[in-house]
Asks: 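Take a look at the following structure, please.
Count residues from 1 along the sequence.
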Amino acid sequence: MGTHLKVCEAYLNVKREQDERQQKLAAESGEGNFIMPSRRTISRDVMDMFLEEKEILKSLICKNKQRVSLTTDIWTSAQNMSYMVIISHFIDSDWCLRRKIISFSIMEDHKGKSIGKKIEACLLEWGIERVCAIIVDNASGNDVAIDYVKNQMLMWKNVDALVLRGDYMHVSCCAHILNLIVTGELKELHASVAGIRNVVKYVRSSTSRLKAFKHCVDHVKGPNGTVVLDCITRWNSTYLMLMTALKFREAFERMAEVD
């Protein structure tokens with residue numbers, strides 16, 4: 001029992017000395033005058049800054065009542081949460097193209113009417129009265145969403161809300177179409193791409209394997225960096241994975257020999 005008390009007493013003495021040194025350093029550096037605000041104060045200040053910046057952006061978008069185009073997409077996270085983003089595209093008074101995120105929210109479902117209501121609410125919130133086009137991917141729900149938004153805007157008092165009554169408001173995303181084309185062609189090389197993906201997964205599966213791979217890179221005097229694993233939501237990531245794998249080809253061969 002006496003030994004435990006001595007250990008505790010020694011710990012308290014060391015802790016006290018550390019606190020005294022920290023207070024001395026803070027006083028010498030002038031940091032002792034800084035008062036840390038509470039989390040509620042920081043949260044309130046951040047929200048005030050957000051609302052202030054939102055009003056500035058809102059005035060910029062609605063300043064000349066110019067026509068605005070929108071892009072939107074929905075994706076599902078690893079936690080099975082669906083998120084929807086809306087980005088506005090417009091030309092300001094200086095003839096500069098601007099792109100601003102005006103909505104980022106959780107979606108309960110991917111139904112077309114739900115998407116349409118979210119877009120309509122966003123337009124009303126930001127005071128956007130004139131829309132040129134809405135660019136979306138080829139999901140079937142987007143057809144319903146665009147029709148819903150068009151019908152709602154046709155009932156607005158602003159007769160100039162749409163161009164040609166919105167007949168050409170629905171624009172398909174060229175990047176998404178191109179990605180579908182490339183993905184379709186890559187099916188012919190599925191076995192090769194899957195093999196490289198599995199090798200990359202193997203190397204990145206643990207710190208010990210990644211360390212062993214780096215040793216192999218050093219042994220063959222390979223390039224700096226490391227291997228890249230592709231991701232389904234990043235369309236260019238498969239290309240980056242393949243290009244990176246080519247650079248480390250000799251390191252992979254070395255690891256196959258020693259592993």
Side-chain angles (χ1 to χ4, degrees), residues 68-91 96-107 110 112 115 118-119 122 132-143 145-146 170-207 209-214 216-218 220-256:
V68 176
S69 292
L70 304 176
T71 53
T72 181
D73 195 13
I74 299 178
W75 68 94
T76 303
S77 69
Q79 293 77 27
N80 264 346
M81 300 287 289
S82 294
Y83 296 93
M84 177 175 174
V85 65
I86 301 176
I87 304 175
S88 63
H89 306 257
F90 60 95
I91 298 175
C96 294
L97 178 62
R98 299 292 191 97
R99 304 178 184 87
K100 300 292 181 180
I101 296 176
I102 57 177
S103 177
F104 189 92
S105 56
I106 297 176
M107 291 291 291
H110 292 204
I115 298 172
K118 185 69 71 172
I119 296 174
C122 183
C132 179
I134 301 178
I135 298 92
V136 291
D137 60 25
N138 293 346
S140 58
N142 288 326
D143 297 335
I146 301 300
H170 185 177
V171 178
S172 296
C173 177
C174 293
H176 184 263
I177 294 174
L178 180 60
N179 179 63
L180 292 177
I181 295 172
V182 174
T183 303
E185 292 299 319
L186 280 177
K187 289 181 179 179
E188 300 293 329
L189 305 172
H190 174 73
S192 300
V193 175
I196 294 175
R197 183 181 295 116
N198 290 334
V199 170
V200 173
K201 284 182 179 179
Y202 176 82
V203 169
R204 294 167 58 97
S205 61
S206 67
T207 54
R209 287 177 180 172
L210 189 59
K211 186 176 180 179
F213 180 73
K214 289 182 178 179
C216 293
V217 173
D218 294 337
V220 299
K221 298 181 180 180
N224 296 327
T226 186
V227 288
V228 177
L229 183 63
D230 63 344
C231 173
I232 191 171
T233 57
R234 293 184 60 192
W235 295 346
N236 64 332
S237 60
T238 301
Y239 167 78
L240 294 175
M241 179 185 71
L242 297 176
M243 291 300 295
T244 307
L246 282 175
K247 294 179 181 179
F248 290 100
R249 180 174 180 176
E250 293 181 0
F252 281 124
E253 293 174 349
R254 172 64 182 175
M255 191 170 186

Asks: Looking at Pro223 and Lys247, what are the two nearest heavy atoms and their distance?
Replies: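 Heavy-atom minimum between the residues: CD-O, 3.7 Å.
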Asks: In Å, rounded to the nearest 0.5 Å, how long is the span from CD1 of Ile106 to OG of Ser77?
Replies: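 Going from CD1 on Ile106 over to OG on Ser77, the span is 8.5 Å.
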Asks: Under a 3.5 Å distance rule, please check whether Arg204 uses its side chain to pair with a backbone N or O of Val227 as donor and acceptor.
Replies: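 Pair found, side chain donor or acceptor close to backbone of Val227.
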Asks: Nearest 0.5 Å, please: how far is CE in Met107 from OG in Ser82?
Replies: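 Rounded to the nearest 0.5 Å, the OG-CE separation comes out at 8.0 Å.
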Asks: Work out which heavy atom in His170 is nearest to a heavy atom in Ile146; give both atom names and the distance.
Replies: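 Between these two residues, the closest heavy atoms are CB-CG2, 3.7 Å.
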Asks: Please examine the side chains of Leu70 and Ile135, heavy atoms only from C-beta on, and report whether any two atoms are closer than 4.5 Å.
Replies: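 Contact flag for Ile135/Leu70 side chains = no.
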Asks: What is the distance from atom CD1 of Ile87 to atom CZ of Phe104, rounded to the nearest 0.5 Å?
Replies: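 CZ of Phe104 is found 10.0 Å from CD1 of Ile87.
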Asks: Are Ile74 and His110 side-chain neighbours, meaning at least one heavy-atom pair lies under 4.5 Å?
Replies: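 Yes - at least one pair of side-chain heavy atoms lies under 4.5 Å apart.
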Asks: Tell me the closest heavy-atom pair linking Phe248 and Asn224, and the distance in Å.
Replies: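 That would be CZ-O, 3.9 Å.
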Asks: Could you tell me whether Glu250 atom CD has more than 12 heavy atoms of other residues or ligands within 6.0 Å of it?
Replies: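 Not buried by this count: 12 neighbours or fewer within 6.0 Å.
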Asks: Nearest heavy-atom pair of Ile86 and Lys118: which atoms, and what distance?
Replies: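 So the two residues come closest at CD1-O, 4.2 Å.
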Asks: Is a donor on one side and an acceptor on the other found under 3.5 Å between the side chain of Thr76 and the backbone of Asn80?
Replies: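 No, the answer is negative, given that no donor and acceptor are paired below the 3.5 Å cut-off.
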Asks: Under the side-chain contact (heavy atoms from CB on, under 4.5 Å) criterion, do Thr72 and Val85 qualify, and how do the steps go?
Replies: CA-CA 6 Å; Thr72 181; Val85 65; 5.5 Å; no
Asks: Does one side chain, of Ser237 or Asp230, offer a donor that lies under 3.5 Å from an acceptor on the other?
Replies: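 Short answer, no.
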Asks: Please lay out, stage by stage, how Leu240 and Leu242 fare under the test side-chain contact (heavy atoms from CB on, under 4.5 Å).
Replies: CA-CA 6 Å; Leu240 294 175; Leu242 297 176; over 6 Å; no
Asks: For Met241 and Val193: C-alpha separation, side-chain torsions, deciding distance, then whether side-chain contact (heavy atoms from CB on, under 4.5 Å) applies.
Replies: CA-CA 9 Å; Met241 179 185 71; Val193 175; 4.2 Å; yes
Asks: Should Asp137 and Asn142 count as side-chain neighbours, where that means a heavy-atom distance under 4.5 Å?
Replies: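 Counting from C-beta outward, Asp137 and Asn142 do come under 4.5 Å.
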Asks: List the steps and the verdict of side-chain contact (heavy atoms from CB on, under 4.5 Å) for Thr71 and Val136.
Replies: CA-CA 6 Å; Thr71 53; Val136 291; over 6 Å; no
Asks: What's the separation between atom OH in Tyr83 and atom CG in Asp73, rounded to the nearest 0.5 Å?
Replies: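 Between Tyr83 OH and Asp73 CG, I get 14.5 Å after rounding to 0.5 Å.
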Asks: Tabulate below the donor-acceptor pairs under 3.5 Å that side-chain atoms of residues 171-184 make, not counting sequence neighbours, or state none.
Replies:
{"from": "Thr183", "atom 1": "OG1", "to": "Asn179", "atom 2": "O", "distance (Å)": "2.7"}

Asks: Under 3.5 Å, which donor-acceptor pairs link side chains of residues 96-103 to any protein atom two or more places apart or in another chain?
Replies:
{"from": "Arg98", "atom 1": "NE", "to": "Asp92", "atom 2": "OD2", "distance (Å)": "3.0"}
{"from": "Arg98", "atom 1": "NH2", "to": "Asp92", "atom 2": "OD2", "distance (Å)": "3.2"}

Asks: What's the separation between atom SG in Cys122 and atom CE in Met84, rounded to the nearest 0.5 Å?
Replies: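 Taking SG in Cys122 and CE in Met84, the distance rounds to 8.0 Å.
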Asks: Taking atom CG of Asp218 and atom CZ of Phe213, what is their separation to the nearest 0.5 Å?
Replies: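 Going from CG on Asp218 over to CZ on Phe213, the span is 10.5 Å.
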